[in-house]
Amino acid sequence: MMFLPANESMDKALHYFDESRRMAESTAPKDSFDRIVCIAAFGAAMSYLVGVRIGGGEPIPAARLEYFRAEVLSRIDADQQGLTVYLFEAVKSVVIGDLDEALIRRSAIQLLLDDYPGVSDILDEYDREALAELDTELLEKAIYGDEVTDYTILHALPPTHWWWPFRARS
């Protein structure tokens, strides 16, 4: 998996959070395709959040990073359903066997919780249950040694991201 420089990832993340929210708030009748596009936009935004944390390029000035984090929190708060769907999609990824996707989604969620103060307050009971279920499923996969094909992200993440099978077995 390739990531853009962190500054570019910031711009892309905000763009896709805005797209997701715009679609979710639209008063136009929604069909299945519209909802899929909305889910995909939120997922893209979350992927770019990972890029902000591990992407290369010039260091991000502290003031810009603080502003960005506040903007992300505002957008997540405005589109709580997007976060809930993203969590359930992560669980679904494990269940259907797409472990690479599940691991990246779990790391994106953890980076969101660690790096964006206030996000944990947005999680409701169902979100917390989905996160616990995701962790249980990932632990089971790690214990039984399911293979992961995308380790490029692993070395850039904090060691607290235990769900990566390599870390779980070491």
Side-chain angles (χ1 to χ4, degrees), residues 1-24 33-60 64-65 67-120 122-123 127 130-131 133-135 137-138 141 146 148-167:
M1 175 171 279
M2 299 291 293
F3 290 96
L4 295 173
N7 282 307
E8 290 180 49
S9 290
M10 292 170 90
D11 296 336
K12 294 278 190 182
L14 293 178
H15 167 77
Y16 283 108
F17 277 130
D18 288 343
E19 275 298 301
S20 175
R21 184 175 62 189
R22 182 186 62 76
M23 294 182 79
F33 179 76
D34 290 336
R35 191 64 200 139
I36 289 168
V37 172
C38 187
I39 291 167
F42 194 93
M46 292 294 287
S47 293
Y48 285 114
L49 282 185
V50 174
V52 169
R53 177 66 180 266
I54 68 173
E58 297 293 317
I60 301 169
R64 180 158 193 242
L65 189 57
Y67 170 80
F68 174 74
R69 287 179 173 160
E71 289 296 309
V72 167
L73 180 61
S74 163
R75 285 160 170 82
I76 297 278
D77 192 33
D79 189 10
Q80 293 178 16
Q81 183 180 16
L83 182 58
T84 299
V85 170
Y86 187 81
L87 280 160
F88 281 95
E89 288 288 317
V91 173
K92 183 178 96 177
S93 294
V94 177
V95 171
I96 65 171
D98 190 355
L99 191 55
D100 289 344
E101 180 69 19
L103 293 167
I104 291 168
R105 283 177 178 263
R106 180 60 180 94
S107 285
I109 293 162
Q110 193 62 46
L111 291 173
L112 187 65
L113 292 168
D114 291 347
D115 294 347
Y116 299 80
V119 168
S120 63
I122 294 172
L123 297 178
D127 296 334
L131 189 54
E133 181 179 349
L134 177 58
D135 286 349
E137 292 286 338
L138 287 173
K141 295 288 184 186
D146 284 11
V148 178
T149 59
D150 187 355
Y151 279 105
T152 57
I153 192 174
L154 176 65
H155 301 292
L157 293 170
T160 55
H161 290 227
W162 59 263
W163 41 87
W164 287 85
F166 176 77
R167 286 202 176 123

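- Residues meeting the ring pair (Phe, Tyr, Trp, His ring centres under 6.0 Å) test with Tyr16, sequence neighbours left out: Tyr48.
- Here OG of Ser9 is found 4.5 Å from CG of Leu4. Values are rounded to the nearest 0.5 Å.
- The neighbour count for Gln81 CD, taken as heavy atoms of other residues, nucleotides or ligands under 6.0 Å away, does not exceed 12.
- The shortest non-hydrogen separation linking Ala102 to Ala90 is CB-O, 3.8 Å.
- Here the closest heavy-atom approach between residue Tyr86 and residue Gly43 is recorded as CE1-CA, 3.8 Å.
- Within the 4.5 Å cutoff, no side-chain heavy atoms of Val52 are placed close to those of Val72.
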Begin from the C-alpha positions of Leu49 and Asp115 and carry the test side chain to side chain contact (heavy atoms under 4.5 Å, CB included) through to its verdict.
CA-CA 10 Å; Leu49 282 185; Asp115 294 347; over 6 Å; no
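- Taking both residues in full, the closest heavy atoms of Ser93 and Glu101 are given as OG-CG, 3.5 Å, listed atom of the first, atom of the second, then distance.
- Residues Leu138 and Leu99 form a side-chain contact, since some pair of their non-hydrogen atoms from C-beta on lies under 4.5 Å apart.
- Side-chain contact between Val37 and Glu19: absent, with no pair of heavy atoms (C-beta onward) separated by less than 4.5 Å.
- Closest heavy-atom contact between Ser20 and Phe42: OG-CB, 3.6 Å.
- Residue pairs that meet the salt bridge (Lys or Arg N to Asp or Glu O under 4.0 Å) test with at least one member in residues 79-89, sequence neighbours left out, are Glu89-Lys92.
- Side-chain atoms of Leu87 and Arg105, non-hydrogen and from C-beta on, never get closer than 4.5 Å to each other.
- In this structure, CD in Gln110 is found 10.0 Å from CZ in Arg53, a value given to the nearest 0.5 Å.
- Between the CD atom of Glu58 and the CD atom of Glu8 there is a distance of 11.5 Å, given to the nearest 0.5 Å.
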Yes or no on side chain to side chain contact (heavy atoms under 4.5 Å, CB included) for Ile104 and Met46, after CA distance, side-chain angles and deciding distance?
CA-CA 10 Å; Ile104 291 168; Met46 292 294 287; over 6 Å; no
Run the numbers on Glu133 and Val94 for side chain to side chain contact (heavy atoms under 4.5 Å, CB included), then give the verdict.
CA-CA 10 Å; Glu133 181 179 349; Val94 177; over 6 Å; no
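- Checked against side chain to side chain contact (heavy atoms under 4.5 Å, CB included), Thr84 has the following partners two or more places apart in sequence or in another chain: Phe88, Asp127.
- Judged by distance alone, the side chain of Arg75 and the main-chain N or O of Asp18 form no donor-acceptor pair under 3.5 Å.
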Might you work through the side chain to side chain contact (heavy atoms under 4.5 Å, CB included) test for Phe68 and Asp11, ending with a clear yes or no?
CA-CA 9 Å; Phe68 174 74; Asp11 296 336; over 6 Å; no
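- A heavy-atom distance below 4.5 Å is not found between the side chains of Lys12 and Ser47.
- Of all heavy-atom pairs between Trp163 and Leu103, the closest is O-CD2, 3.1 Å.
- Looking at heavy atoms from C-beta onward, Leu134 lies in side-chain contact with Ile109 at the 4.5 angstrom threshold.
- Residues Leu157 and Leu111 form a side-chain contact, since some pair of their non-hydrogen atoms from C-beta on lies under 4.5 Å apart.
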